[in-house]
2 protein chains.
Amino acid sequence: MSSTAAVDGPPVRGGRRTPADKYDERRTQLAISALATLGELGYARTSLREIAQNSEFSHGVVHYYFADKFELITHCVRYYKAQCVTRYDGLVAESTTAEELLTRFGDKLVETLTTEAPMHRLWYDLRTQSMFEEQFRPDVLMIDVTLEDMIGRVVLRYAELAGRPLVMDVPTIYALLDGVFEKALLGHLTGDEDAGARLRARVLDLLPRLLG
Amino acid sequence: MSSTAAVDGPPVRGGRRTPADKYDERRTQLAISALATLGELGYARTSLREIAQNSEFSHGVVHYYFADKFELITHCVRYYKAQCVTRYDGLVAESTTAEELLTRFGDKLVETLTTEAPMHRLWYDLRTQSMFEEQFRPDVLMIDVTLEDMIGRVVLRYAELAGRPLVMDVPTIYALLDGVFEKALLGHLTGDEDAGARLRARVLDLLPRLLG
DNA sequence: CCCATGTCTTGACGGTTGTCAAGAATTTTC
DNA sequence: GAAAATTCTTGACAACCGTCAAGACATGGG
């Protein structure tokens with residue numbers, strides 16, 4: 001009856017206990033392999049065997065650290081979120097004028113568009129999956145508000161530096177920027193070499209118009 | 001050797017020829033069943049057997065009318081496009097003032113958000129799939145410019161009626177509206193009952209700001 | 001050194017998928 | 001109405017999926 005399935009946290013049996021950090025380290029390691037695979041193949045074509053093959057382990061180990069596929073994906077998504085939330089915090093803290101903040105924001109957007117394209121398309125993939133599969137919704141919606149807050153910190157600081165109020169609320173502005181970014185991502189992935197430049201131009205034009 | 005696979009158009013064998021309209025009718029019939037299934041389950045979870053089960057035929061007939069799964073999906077997507085392109089043409093032709101056009105556009109957006117949600121999430125699903133699978137890109141990009149043109153007709157007419165120019169180009173405006181609509185769709189599908197009202201309010205606020 | 005515990009590999013299971021062939025059923029043609 | 005062509009059903013195939021159990025391997029404490 002010694003089941004090897006991971007159900008809730010590190011195995012605690014016979015009085016001894018796996019060091020939690022070692023356990024979490026493996027989970028994170030697998031999550032990184034999973035994210036790489038998901039970013040390359042998308043959710044629909046990613047299997048647990050493919051994920052394991054992109055790691056240094058065999059396919060059985062996935063079930064040792066995660067109860068099922070959904071728990072793995074969820075863990076990946078949470079890990080991914082923690083990585084990208086602080087993406088713009090540096091430039092928000094350091095910029096001293098509205099113009100500087102705006103140009104640095106535009107540059108950073110283009111940079112992440114080109115260097116982290118697989119992660120971005122994965123995010124859009126998972127967000128769309130949540131439109132079909134109820135299981136994904138809690139995590140996706142949580143990440144979405146986290147990203148919204150991240151964008152909110154940028155534009156609120158931008159308005160503050162400009163000394164003018166925003167004419168729209170943050171959720172609306174997030175939706176606008178998200179639409180522009182998603183279009184740029186699609187363009188970038190389909191071979192449009194000007195996608196990055198266009199994204200920058202659009203954001204640099206859009207944000208000043210959002211000031212009252 | 002009498003293969004039953006559909007490879008290129010209606011079977012032409014032995015001098016006789018299937019009436020093309022009958023053949024196309026069946027293909028369209030299957031495409032409609034496929035669209036219903038895809039809109040309900042999403043691309044990742046839709047199988048050919050499931051599609052056939054949602055039609056009045058058995059699962060083998062799919063391969064008789066379509067060479068493979070990809071050709072079926074492509075046919076669906078083309079059929080879908082033809083349906084939704086003219087969605088706003090009526091209100092563009094009939095509206096006599098900018099205000100009327102704007103309110104009717106907002107109403108129509110909310111209506112399609114609620115009554116055609118499965119088709120909309122399918123579109124976002126397929127567009128995201130095209131970020132991963134090269135096969136989908138030609139058709140997706142074609143539909144995307146078609147939708148862009150559709151939105152373009154609305155906002156260009158809106159600017160014309162208002163007697164003022166647009167401060168952005170049509171692709172940018174399409175991206176902005178798309179972001180707002182996608183957010184509303186996600187909200188609507190996750191139980192947000194105010195998603196429609198918020199969508200309308202945002203569009204009614206946004207469009208006037210795009211006039212010079 | 002031995003044994004208990006934690007970790008990982010291997011191989012298998014039931015189920016599902018896209019595909020396709022063989023033939024039955026239907027329709028069309030003469 | 002017979003013959004031929006088209007249309008559809010049935011059943012099978014190889015491959016793949018998530019899951020899981022049995023056991024090999026590694027590790028550390030006694």
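Please read all numbers here as calculations on a predicted model, not as lab measurements. Because only heavy atoms are used, hydrogens play no part in the values below, and waters and symmetry mates are left out as well, while side chains stay in. Throughout, protein chains are lettered first and strands after them, A, B, ... in sequence-line order, and every chain is numbered starting at 1.
- With DNA chain C read from its 5' end, the first of the two nearest nucleotides for S47(B) and S58(A) is the one closest to S58(A).
- Relative to the six-membered ring of Y43(B), K69(B) meets both conditions, a distance below 6.0 Å and an angle of at most 45° to the axis.
- Remark: aromatic rings of Y158(B) and F105(B) are distant, center separation not under 6.0 Å.
- A straight line from CD of Q53(B) to P of dT16(C) spans 11 Å, rounded to a whole angstrom.
- Looking at the side chain of K69(B), the nearest of the listed nucleotides dC8(C), dC8(D), dT19(C) is dT19(C).
- Put simply, CZ on R45(B) is 17 Å from C1' on dG15(C), counting in whole angstrom units.
- If you measure from atom CD of Q135(B) to atom P of dG18(C), you get 14 Å, rounded to the nearest angstrom.
- One atom, CG of L30(B), and another, C1' of dT9(D), lie 14 Å apart when rounded to the nearest Å.
- With distances taken from any side-chain atom of V61(A) to the nucleotides dC8(D), dT10(C), dT9(C), the minimum falls on dT9(C).
- Separating the CZ atom of F66(B) from the C1' atom of dC8(D) is a distance of 15 Å, rounded to the nearest angstrom.
- Aromatic rings from H120(B) and F181(B) are positioned such that their centres are separated by under 6.0 Å.
- Rounded to an integer number of Å, the gap from L48(B) CG to dC20(C) P is 11 Å.
- Phosphate proximity of dC20(C) to H63(B): present, with a side-chain N or O under 4.0 Å from OP1 or OP2.
- In this model, no side-chain donor or acceptor of H59(A) finds a partner on the base of dG18(D) within 3.5 Å.
- Closest to the Y64(B) side chain, of the nucleotides dT6(D), dT10(D), dC8(C), is dT6(D).
- Side-chain contact check for Q129(B) and R121(A): no donor-acceptor pair (N or O, by modelled atom type) lies under 3.5 Å.
- Residue contacts for R49(A): at a heavy-atom cut-off of 4.0 Å it reaches a base atom on one of the strands shown.
- The Y65(A) side chain lies nearest to dC8(C) when the options are dC8(C), dC8(D), dT10(D).
- To the nearest angstrom, C1' of dC17(D) lies 14 Å from CD1 of I73(A).
- Between R26(A) and dG6(C), a side-chain N or O to OP1/OP2 separation shorter than 4.0 Å is absent.
- Between E25(A) atom CD and dC8(C) atom C1' the separation is 16 Å, expressed in whole Å.
- T146(B) places a side-chain N or O within 3.5 Å of a backbone atom of M142(B) that can act as its donor or acceptor partner.
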